[in-house]
Amino acid sequence: MNRQKSFENEKPTLFLVPTPIGNLSELSPRAIDVLKSVDVIACEDTRTSGQLLSHFDIHKRLIAYQNFNEDPASKGIMNLLNQGKNVALISDAGYPLINDPGQKIVTLATAEGFNVVPLSGCSAMLDGLVASGLVAQPFIFIGFLPQSNTDRNKKLKEYKNYPMTMVFYEAPHRIEKMMKSCLEILGDRRCCLARELTKVHEEFLRGTISEIIPELETLKGEMVIIIDGNHDDYTKDIDYGEIMNMVEKSVAMGMTTTDAIKDAAERTGVSKNKIYKMVHECEKN
Ligand code: SAM
């Protein structure tokens with residue numbers, strides 16, 4: 001167990017600082033103070049962040065922390081923390097870690113007991129979700145789906161029965177393929193495509209997936225896609241014969257019936273009671 005009282009100790013701190021996803025006035029006064037106070041700022045692209053920082057008259061030592069160098073860069077940041085330095089982590093836009101680098105250093109720094117302090121702020125997924133018109137919770141943030149059709153469809157099949165609102169990111173040149181996969185695998189659900197959030201061309205397309213697809217060809221810019229969860233009884237497509245086979249096989253391999261039912265329930269998501277009743281019915285017949 002490690003307990004962090006963020007502002008009641010002298011330990012060095014790793015600050016997680018969100019930066020604007022479009023509108024520069026969304027860099028908060030606290031973010032500016034923190035960025036001005038730290039010893040070092042770790043960022044994805046030193047040129048991109050350099051421009052943002054000089055706009056706010058922030059002049060600090062910058063180090064690169066990118067997906068491809070997360071291991072060595074994390075070690076570098078850990079050395080800085082061990083030397084008593086405070087470090088801020090930013091990404092090109094929005095929150096670090098949210099489809100951006102940062103996971104490794106947060107895992108290491110928390111494990112070593114350094115302060116890891118988040119600042120509130122910009123993230124495209126939350127902006128898109130709250131204005132989508134769909135139910136905002138429960139939700140699941142998925143981010144980018146795989147690029148290959150097969151892998152993308154496989155992932156979508158995993159999510160097909162999720163009852164929560166789903167939030168995706170996608171690039172404009174892949175959006176058509178992605179939305180067509182969603183239509184094919186998830187069905188024609190309610191959806192919102194939020195584009196260019198916080199920028200002058202901000203736009204929301206709210207409708208069903210099939211209503212939005214014809215509009216995609218002309219759409220540019222950065223996009224968040226919010227899709228309704230599955231509100232059907234998600235057990236209705238389940239092959240009960242398959243579940244019975246599962247239970248029988250487990251029992252044949254030496255499991256007790258109770259354990260075999262529990263195991264089948266965990267593997268299929270069907271309730272233990274339902275499987276128990278099915279097994280009981282079979283035994284009677
Ligand atoms: N860390 C960022 C965040 O917290 O939102 C996300 C970074 S991810 C590499 C970039 C993706 O975020 C874009 O391809 C797009 O899907 C989404 N995104 C970023 N800015 C956006 C904006 N202004 N409007 C809509 N989507 C945006």
Side-chain angles (χ1 to χ4, degrees), residues 1-129 141-144 167 169 197-199 222 224:
M1 221 276 296
N2 120 12
R3 194 166 167 178
Q4 169 185 317
K5 286 262 195 182
S6 299
F7 309 111
E8 291 178 27
N9 67 66
E10 300 294 312
K11 288 182 196 166
T13 298
L14 173 69
F15 291 97
L16 305 174
V17 182
T19 54
I21 57 167
N23 188 326
L24 284 189
S25 58
E26 291 194 341
L27 190 69
S28 72
R30 183 180 179 212
I32 296 171
D33 285 349
V34 165
L35 291 169
K36 283 187 171 167
S37 76
V38 292
D39 300 290
V40 177
I41 299 174
C43 58
E44 277 187 271
D45 183 326
T46 48
R47 267 176 307 177
T48 308
S49 295
Q51 281 172 8
L52 173 82
L53 296 169
S54 46
H55 178 87
F56 289 95
D57 203 21
I58 300 166
H59 304 282
K60 288 284 161 175
R61 180 179 156 206
L62 299 184
I63 56 171
Y65 185 101
Q66 289 158 312
N67 281 324
F68 70 86
N69 78 349
E70 271 207 87
D71 277 335
S74 298
K75 279 190 195 139
I77 297 175
M78 287 303 288
N79 283 340
L80 290 167
L81 294 169
N82 277 311
Q83 289 162 25
K85 309 270 192 227
N86 292 317
V87 180
L89 177 67
I90 61 176
S91 66
D92 283 351
Y95 261 112
L97 278 81
I98 300 299
N99 264 132
D100 270 338
Q103 188 62 62
K104 281 236 158 83
I105 184 57
V106 170
T107 306
L108 284 174
T110 50
E112 290 296 317
F114 289 110
N115 293 322
V116 175
V117 171
L119 271 67
S120 309
C122 324
S123 185
M125 65 145 171
L126 283 179
D127 286 11
L129 174 69
F141 173 63
I142 292 161
F144 293 97
V167 186
Y169 284 164
L197 287 159
T198 77
K199 305 182 197 176
E222 299 194 279
V224 184

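Computed from a prediction, not measured in an experiment: that's the story for all the values here.
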Please report the C-alpha distance between M125 and Y95 in whole Å, then the side-chain angles of each, then the deciding distance to 0.1 Å, and finally whether the side-chain contact (heavy atoms from CB on, under 4.5 Å) criterion is met.
-> CA-CA 10 Å; M125 65 145 171; Y95 261 112; over 6 Å; no
Specify the closest pair of heavy atoms between C122 and P20, including all atoms of both residues, with the distance to one decimal.
-> SG-CA, 3.7 Å
So with a 6.0 Å cut-off around CZ of R61, is the heavy-atom count from everything else above 12?
-> no
Taking atom CD of Q83 as the centre, report whether more than 12 heavy atoms of other residues, nucleotides or ligands fall under 6.0 Å from it.
-> yes
Mind checking whether N99 and F144 have side chains closer than 4.5 Å, heavy atoms only?
-> yes
Is any side-chain heavy atom of K11 closer than 4.5 Å to a side-chain heavy atom of Q4?
-> no
Residue pair L62 / V40, side-chain heavy-atom distance below 4.5 Å = no
What pair of heavy atoms forms the shortest contact from L108 to S74, and how long is it?
-> CD1-CB, 3.6 Å
May I ask you to decide if E44's main-chain N or O and Q66's side chain share a donor-acceptor pair within less than 3.5 Å?
-> yes
Indicate whether any N or O donor in one side chain lies under 3.5 Å from an N or O acceptor in the other, for E70 and Y65.
-> yes
Closest non-hydrogen contact found for A42 with I77 is CB-CD1, 3.8 Å
All side chain to side chain donor-acceptor pair (under 3.5 Å) counterparts of S25, not counting sequence neighbours | N23
Within a radius of less than 6.0 Å around NZ of K75, do more than 12 heavy atoms belonging to other residues, nucleotides or ligands occur?
-> no
Between V38 and V87 the two heavy atoms that sit nearest each other are CG1-C, 4.1 Å
CA sep, side-chain torsions, deciding dist, call: I98, F141, side-chain contact (heavy atoms from CB on, under 4.5 Å) | CA-CA 9 Å; I98 300 299; F141 173 63; 3.7 Å; yes
Kindly indicate whether the side chain of D92, heavy atoms from C-beta on, has any atom under 4.5 Å from the side chain of D100.
-> no
Check the pair V117, F7 against side-chain contact (heavy atoms from CB on, under 4.5 Å), reporting the backbone distance first and the verdict last.
-> CA-CA 9 Å; V117 171; F7 309 111; 4.1 Å; yes
Nearest non-hydrogen partners of A31 and L119, listed with the distance | CA-CD2, 3.4 Å
Looking only at non-hydrogen atoms, find the nearest pair between K85 and D39 and report the distance.
-> CA-OD2, 3.3 Å
Does a side chain donor of either Q103 or T107 reach within less than 3.5 Å of an acceptor in the other side chain?
-> yes
Any chance you could lay out the side-chain contact (heavy atoms from CB on, under 4.5 Å) test for I32 and L27, step after step, and finish with the verdict?
-> CA-CA 7 Å; I32 296 171; L27 190 69; 3.7 Å; yes
Is K104 salt-bridged to D71, cutoff N-O under 4.0 Å?
-> yes
